[in-house]
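These notes are about the structure you will find just below.
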2 protein chains.
Amino acid sequence: MEPHAHSHSHLHPSLDWQQHTLATLSDAGHRKGGARNAVVELLAAQDCALTAQEIDDRLRDGGRAVGRASVYRVLELLTELRLVQKIEVGQGIARYERHQPDGDHHHHLVCDNCGTIEPFEDPSLEEAIEQVSRRLSFAVDEHDVVLHGACSDCREQ
Amino acid sequence: MEPHAHSHSHLHPSLDWQQHTLATLSDAGHRKGGARNAVVELLAAQDCALTAQEIDDRLRDGGRAVGRASVYRVLELLTELRLVQKIEVGQGIARYERHQPDGDHHHHLVCDNCGTIEPFEDPSLEEAIEQVSRRLSFAVDEHDVVLHGACSDCREQ
DNA sequence: AGGGCTGCGAGACTGGTTCTCATCTAGACT
DNA sequence: AGTCTAGATGAGAACCAGTCTCGCAGCCCT
Ligand SMILES: [Mn+2]
Ligand SMILES: [Mn+2]
Ligand SMILES: [Zn+2]
Ligand SMILES: [Zn+2]
């Protein structure tokens with residue numbers, strides 16, 4: 001018995017995300033546009049965060065070049081709509097990745113030697129952050145956690 | 001009975017820090033220099049993190065102008081020696097503050113509206129980070145936690 | 001099909017940070 | 001004290017991620 005194409009399975013979260021994103025954009029009153037579609041499609045295909053530069057390069061290499069301004073515009077819009085997560089990894093560089101529809105999210109390890117990033121998640125860390133946020137005078141609505149160090153490759157010499 | 005000047009009291013952590021810093025620099029083989037001293041003295045007098053720009057401005061206003069390059073050089077050196085902590089607050093801006101000699105440290109809230117920062121500390125957050133770090137393949141040696149939101153002033157319109 | 005408003009992109013611009021290089025100076029050695 | 005030299009300093013150029021500007025393109029509604 002082969003799976004039905006129309007079943008709303010959770011086997012393809014990236015497809016789910018892409019459809020959900022396009023629907024959300026449409027609901028928010030945005031028209032369709034080539035640049036936006038290209039960026040969304042690219043982000044949907046990634047498992048972890050990309051820089052704006054990487055997005056620009058990959059689109060160009062893929063034959064669908066997009067203006068720099070559009071890349072940033074789309075990323076800003078998607079971030080506002082909470083469809084992507086913006087991650088500041090230091091040195092003035094930001095990375096972007098899709099937010100999981102189920103609200104899950106992860107944080108990152110950055111290798112300060114080779115620049116590799118690796119995701120991790122930890123419920124008790126999230127819990128600790130939530131508790132701190134509650135007792136502060138700020139209205140906290142986002143948190144960045146970045147662990148810096150050496151990846152397994154770079155550690156051994 | 002007045003306190004002895006030579007007693008190594010813990011009543012003036014900033015003085016302790018300044019002396020410790022100058023000693024560490026000397027031990028590491030660095031000569032004395034006016035720019036470095038000026039930056040160290042300024043950092044010693046602060047309770048929370050400053051941007052490079054703020055450091056530059058305050059030194060100029062204080063009649064001890066220092067070259068921009070020197071400010072960054074000193075901050076980089078002190079960061080390498082773990083004498084100051086570099087904090088990335090987003091938008092490509094970094095802030096710097098002295099590391100407490102006792103190893104204590106705090107993290108920051110950033111108001112995304114007006115840029116104000118406010119320190120906070122939380123042992124259970126530190127504990128959570130430590131536990132995560134232990135189970136990962138990376139050799140974690142630093143962590144950044146920045147909470148973004150609206151400060152109490154900006155929250156009420 | 002027409003018209004208006006949104007989306008788009010080339011390129012100028014910004015601002016924090018880094019680089020370059022000529023000059024200065026701490027401090028070691030005579 | 002005078003000399004010497006490597007480290008320290010500072011003015012300004014360069015760099016670069018990110019933002020702005022503005023004229024053109026194309027989506028969508030009638
Ligand atoms: Mn989290
Ligand atoms: Mn901490
Ligand atoms: Zn690495
Ligand atoms: Zn504020």
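Below, all heavy atoms of this structure are taken into account, side chains as well, without hydrogens, waters or symmetry copies. Convention: sequence-line order gives letters A, B, ...; per-chain numbering from 1.
One interatomic measurement links the two molecules: CG of L59(B) to C1' of dT9(D), which rounds to 14 Å at whole-angstrom precision. If you measure from atom CD1 of I87(A) to atom P of dG18(D), you get 13 Å, rounded to the nearest angstrom. The nearest whole Å value for the distance from the CD atom in E88(B) to the P atom in dT17(C) is 8 Å. Rounded to an integer number of Å, the gap from CZ of R36(B) to P of dA26(C) is 12 Å. Following rounding to the nearest Å, I55(A) (CD1) and dG9(C) (C1') show an atom-to-atom distance of 17 Å. Rounded to whole Å, the distance from CZ on R95(A) to C1' on dA17(D) is 13 Å. One interatomic measurement links the two molecules: CD1 of I93(B) to C1' of dA17(D), which rounds to 13 Å at whole-angstrom precision. In this structure, the CG atom of L22(B) is 13 Å from the P atom of dA8(D), given to the nearest Å.
Residue-environment remark: NE2 (H20(B)) stays at or below the threshold of 12 foreign heavy atoms within 6.0 Å. Surrounding CG of D47(B) are at most 12 heavy atoms belonging to other residues, nucleotides or ligands under 6.0 Å away.
The residue R64(B) sits close only to the backbone: its heavy atoms come under 4.0 Å of sugar-phosphate atoms, none of a base.
Side-chain proximity of V66(A) to the nucleotides dA17(D), dG9(C), dT17(C) is greatest for dG9(C).
Each of G92(A) and V71(B) has a nearest nucleotide on DNA chain D; the 5'-most of these lies closest to V71(B).
There is a side-chain donor-acceptor pair under 3.5 Å between R73(B) and S70(B). Side-chain atoms of H106(A) and E126(A) include no donor-acceptor pair closer than 3.5 Å. Counted by atom type alone, D57(A) and Q53(A) present one or more donor-acceptor pairs between their side chains at under 3.5 Å. R58(B) and Q46(B) form a side-chain donor-acceptor contact under 3.5 Å, judged by distance and modelled atom types alone. Residues H107(B) and H143(A) have side chains that never bring a donor and an acceptor to within less than 3.5 angstrom of each other.
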Discussion item. So if I define the base as every atom that isn't primed, P, OP1 or OP2, how would nucleotides 19-30 of chain D read as a B/S/- string at a heavy-atom cutoff under 4.0 Å?
Written reply: BB-----BBS--

